[in-house]
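Predicted model only: the values in this text are computed from it and were never measured. Side-chain atoms are counted along with the backbone in the values below, which use heavy atoms only and exclude waters and symmetry mates.
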Amino acid sequence: MENWISALQLNISETQILTEVADRYSYSFDASFGEYLPEVVVQAKSKEDVIHVLKVANQHNVPVYPRGQGTCLSGGPLPVHGGIVLDMSKWPEKIEVSPDDLIVTVSPSAITANINSAAEEHGLMYAPDPSSSKVSTIGGNLAENSGGPRGLKYGVTKDFVLGLELITPEGEVIRTGGRTIKNVTGMDLTKLIVGSEGALGVITEATLKLMPKPPAVQTIMAVFDDVRTAGKAISKTLTSGILPSKMEFMDQACIRTVENFKPAGLPVDAEAIVIIELDGHKEALAIEKEQVQKIMEEIGATDTILPKTQEEADKIWYARKQVSPAIAKIKPTIVSEDATVPRSKIPDMMDRILEIKQKHNVEIVVFGHAGDGNLHPNVLCDKRDKEEMKRVELAVEEMFQAAIDLGGTLSGEHGIGTMKSPFMELELGEVGLDMMKRIKDAWDPNNIMNPGKIFPEKGQKLVLSDE
């Protein structure tokens with residue numbers, strides 16, 4: 001160990017290399033489950049730092065775990081085999097907007113919301129809007145292919161990446177894609193890297209696509225006394241020719257939790273609410289809001305609410321954003337999942353979640369991006385209660401299986417990491433998972449990049465307790 005640490009210190013300032021236990025412990029966890037102590041933390045501040053770390057690590061077969069702000073919900077940056085945590089959040093933030101080309105070039109440390117703010121200064125926007133955007137780095141978003149409420153209309157992170165600069169596991173620099181919308185020069189390595197969870201290399205720069213910011217928005221809240229009816233209204237809206245920018249869902253447990261936390265006037269007797277945002281030109285929105293309201297009422301909404309002012313609209317969206325802090329007040333531990341199903345299967349998935357909830361006697365609230373079928377069933381529990389956590393593990397396993405049974409996927413936007421790797425074969429099959437592993441082996445023959453993620457190790461199971 002001393003040999004490779006000494007090698008790291010040759011080209012990187014000692015102040016950027018953390019070896020004290022207290023410092024290393026700060027990097028042993030993320031927003032998911034599990035704690036793993038790295039042997040060293042390196043705070044990268046330049047491309048040269050990353051090149052040096054990877055060359056040393058590859059030579060000495062030391063695992064490297066790239067990390068942004070640690071907001072990951074799937075265990076993506078956890079150093080499960082020790083080694084080096086490569087902290088990319090200390091890198092000087094760079095956000096260079098080229099408004100005429102509708103692009104922005106960013107460092108991996110750029111905070112996602114800051115990218116959008118810089119774009120707005122030119123009347124533009126960076127559309128991907130994960131819930132953690134005010135604290136998450138774009139590097140983490142790229143690694144996990146993060147989504148968000150606006151994914152319904154505009155897509156997720158991968159849909160806005162034009163080019164990347166990547167340091168390979170051997171410490172070589174490559175560039176993929178470029179600065180143009182069209183680019184079919186060979187295989188699309190850019191799309192391969194986005195969402196690969198740091199398993200293929202370390203992203204040191206990204207060129208992202210921007211778009212004009214819509215001149216107007218309109219919020220609509222529809223109230224339902226039946227979850228299935230809400231699901232039908234969502235499908236009918238999306239097949240009507242209207243494409244909302246956001247379409248969010250909250251079940252009754254979620255509504256009541258938010259109202260108990262910070263009252264916002266949500267209908268606590270409703271079985272479900274759907275919150276919709278339309279964007280575009282003001283004249284078009286006037287027509288679309290009437291059409292959406294009509295669809296909701298015809299399908300069976302008990303009420304539709306159109307805010308008269310921006311303040312009223314902000315209040316509704318603020319209530320939606322309070323879901324996570326509100327449920328955190330109920331029990332100290334939250335298992336946040338992102339099982340995603342075809343939109344038409346949302347009611348069926350809700351039925352399955354209710355069955356699982358009753359079968360395992362666990363508390364679950366459901367919200368999420370209903371427009372693209374990306375639900376967030378959150379299991380509320382206490383990790384100090386070992387017996388409860390065992391029931392939670394079984395419940396989560398069955399939710400994953402339910403999503404796959406309904407034609408869905410394990411993860412819509414949180415990634416695989418350590419949390420979902422035991423279930424990868426359920427969705428991909430043995431051959432599909434093996435083909436993915438072959439790509440990893442070709443890019444990273446010494447398996448130094450984020451090992452222990454995506455691909456399950458023999459006998460690996462979902463473990464949420466500390467045992």
Exercise for review: Determine, for Lys359 against Glu398, whether the closest basic-nitrogen to carboxylate-oxygen distance falls under 4.0 angstrom.
Suggested key: yes
Review point. Between Thr180 and Asn183, is there a donor-acceptor pair closer than 3.5 Å when you use the side chain of the first and the backbone of the second?
Key: no
Exercise for review: Before accepting this row, confirm whether a basic side-chain N of the pair Glu387/Arg391 lies closer than 4.0 Å to the acidic partner's carboxylate O.
Suggested key: yes
Check your understanding: Side chains of Gln293 and Thr304: is there a donor and an acceptor less than 3.5 Å apart?
Key -> yes
Review point. Can a donor-acceptor pair be found between the side chains of Glu457 and His81 at a distance below 3.5 Å?
Key: yes
**Study point:** Between Thr157 and Asn145: side-chain donor-acceptor atoms closer than 3.5 Å
**Key:** no
Review point. Nearest heavy-atom pair of Leu152 and Lys246: which atoms, and what distance?
Key: CD2-C, 4.2 Å
Review point. Atom NZ in Lys357, atom CE in Met350: separation rounded to 0.5 Å?
Key: 9.0 Å
Exercise for review: Answer yes or no: is there a donor N or O on one side and an acceptor on the other, between the side chain of Asn116 and the main chain of Tyr126, under 3.5 Å?
Suggested key: yes
Study note, to complete from the structure: Test side-chain contact (heavy atoms from CB on, under 4.5 Å), reference Leu189, set Leu164, Leu166, Thr176, output is Thr176
Exercise for review: Would you check, one step at a time, whether the test side chain to side chain contact (heavy atoms under 4.5 Å, CB included) holds for Trp317 with Thr219?
Suggested key: CA-CA 9 Å; Trp317 287 110; Thr219 295; 2.9 Å; yes
Exercise for review: Would you check if Val202 and Met449 make a side-chain contact, meaning some heavy-atom pair closer than 4.5 Å?
Suggested key: yes
Exercise for review: Please answer whether the main-chain N or O of Asp269 pairs with a side-chain N or O of Gln252 as donor and acceptor at a distance below 3.5 Å.
Suggested key: yes
Point to revise | Ring geometry between His376 and His369 (parallel below 30°, tilted from 30 to 60°, perpendicular above 60°) | key: perpendicular
Exercise for review: Indicate whether any N or O donor in one side chain lies under 3.5 Å from an N or O acceptor in the other, for Ser421 and Gln460.
Suggested key: yes
**Study point:** Shortest non-hydrogen separation from Pro244 to Ile276 and the atoms involved
**Key:** CB-CG2, 3.7 Å
Review point. Is the closest side-chain heavy-atom distance between Leu380 and Ile334 below 4.5 Å?
Key: yes
Review point. Cationic tip of Lys209 within the cone over Phe160's six-membered ring, i.e. under 6.0 Å and within 45° of the normal?
Key: yes
Practice item. Could you verify whether a donor N or O on one side chain and an acceptor N or O on the other, from Trp443 and Thr168, lie under 3.5 Å apart? Key: no
Exercise for review: Taking the side chain as every heavy atom from C-beta outward, state whether Phe33 and Thr418 have any pair of such atoms under 4.5 Å apart.
Suggested key: no
Review point. Between Lys420 and Glu337, is there a side-chain N and carboxylate O pair less than 4.0 Å apart?
Key: yes
Review point. Can you tell me how far the CG atom of Leu162 sits from the CZ atom of Arg179, to the nearest 0.5 Å?
Key: 9.5 Å
Exercise for review: Taking the side chain as every heavy atom from C-beta outward, state whether Tyr154 and Ser245 have any pair of such atoms under 4.5 Å apart.
Suggested key: yes
Point to revise | Distance-only polar pair, side chains of Ser411 and Asp338, donor-acceptor under 3.5 Å | key: yes
Practice item. Answer whether the closest heavy-atom distance between the side chains of Glu144 and Leu73 falls below 4.5 Å. Key: no
**Study point:** CG-CD distance between Asn114 and Glu93, expressed to the nearest 0.5 angstrom
**Key:** 4.5 Å
Review point. Has the side chain of Thr239 got a donor or acceptor atom that lies under 3.5 Å from a matching backbone atom of Lys236?
Key: yes
**Study point:** Pair Ser146-Glu413, side-chain donor/acceptor within less than 3.5 Å
**Key:** no
Review point. Should Ile111 and Ser136 count as side-chain neighbours, where that means a heavy-atom distance under 4.5 Å?
Key: no
Check your understanding: Could Arg175 and Glu165 be called an ion pair, given the rule that one side-chain N must be under 4.0 Å from one carboxylate O?
Key -> yes
Check your understanding: Does a donor on one side chain and an acceptor on the other come within less than 3.5 Å for Glu427 and Thr409?
Key -> yes
Check your understanding: Are Leu208 and Ile103 close enough, and set up right, to give a side chain to side chain contact (heavy atoms under 4.5 Å, CB included), and what steps lead you there?
Key -> CA-CA 6 Å; Leu208 309 174; Ile103 61 174; over 6 Å; no
**Study point:** NZ/NE/NH1/NH2 to OD/OE distance under 4.0 Å, Arg352 and Asp348
**Key:** no
**Study point:** Under-4.0 Å salt bridge between Arg228 and Asp226
**Key:** no
Exercise for review: Write down the atom of Gln291, the atom of Ile242, and the distance for their closest heavy-atom approach.
Suggested key: OE1-CD1, 3.1 Å
Practice item. Quick one: pull up CG in Leu78 and SG in Cys72 and give me the separation to the nearest 0.5 Å. Key: 7.5 Å
Review point. For His360 and Val392, what are the C-alpha separation, side-chain angles and deciding distance, and is it a side chain to side chain contact (heavy atoms under 4.5 Å, CB included)?
Key: CA-CA 7 Å; His360 297 289; Val392 172; over 6 Å; no
Check your understanding: Any Lys/Arg nitrogen of Lys461 or Glu397 sitting under 4.0 Å from an Asp/Glu carboxylate oxygen of the other?
Key -> no
**Study point:** Rounded distance (nearest 0.5 Å) linking atom CZ of Arg150 with atom CG of Asp372
**Key:** 13.5 Å
Check your understanding: What's the spacing between Ile353 CD1 and Gln358 CD if we round to 0.5 Å?
Key -> 12.5 Å
Review point. Within a strict 4.5 Å, meaning less than it, do heavy atoms of the Gln401 and Leu426 side chains meet?
Key: yes
Study note, to complete from the structure: All heavy atoms of Asp87 vs all of Tyr27, minimum pair found to be OD2-OH, 2.7 Å
Review point. Using a distance-only test with no angle check, is there a side-chain donor-acceptor pair under 3.5 angstrom linking Asn374 and Thr340?
Key: yes
Check your understanding: Is the closest side-chain heavy-atom distance between Ile364 and Asn378 below 4.5 Å?
Key -> no
Point to revise | Closest heavy-atom pair and its distance - Cys254, Val366 | key: CB-O, 3.8 Å
Review point. Looking only at heavy atoms, which two atoms of Met247 and Ile234 are closest? And how far apart?
Key: CE-CA, 3.8 Å
Practice item. Please step through side chain to side chain contact (heavy atoms under 4.5 Å, CB included) for the pair Lys158 and Thr190, ending with a clear verdict. Key: CA-CA 8 Å; Lys158 69 178 179 181; Thr190 304; over 6 Å; no
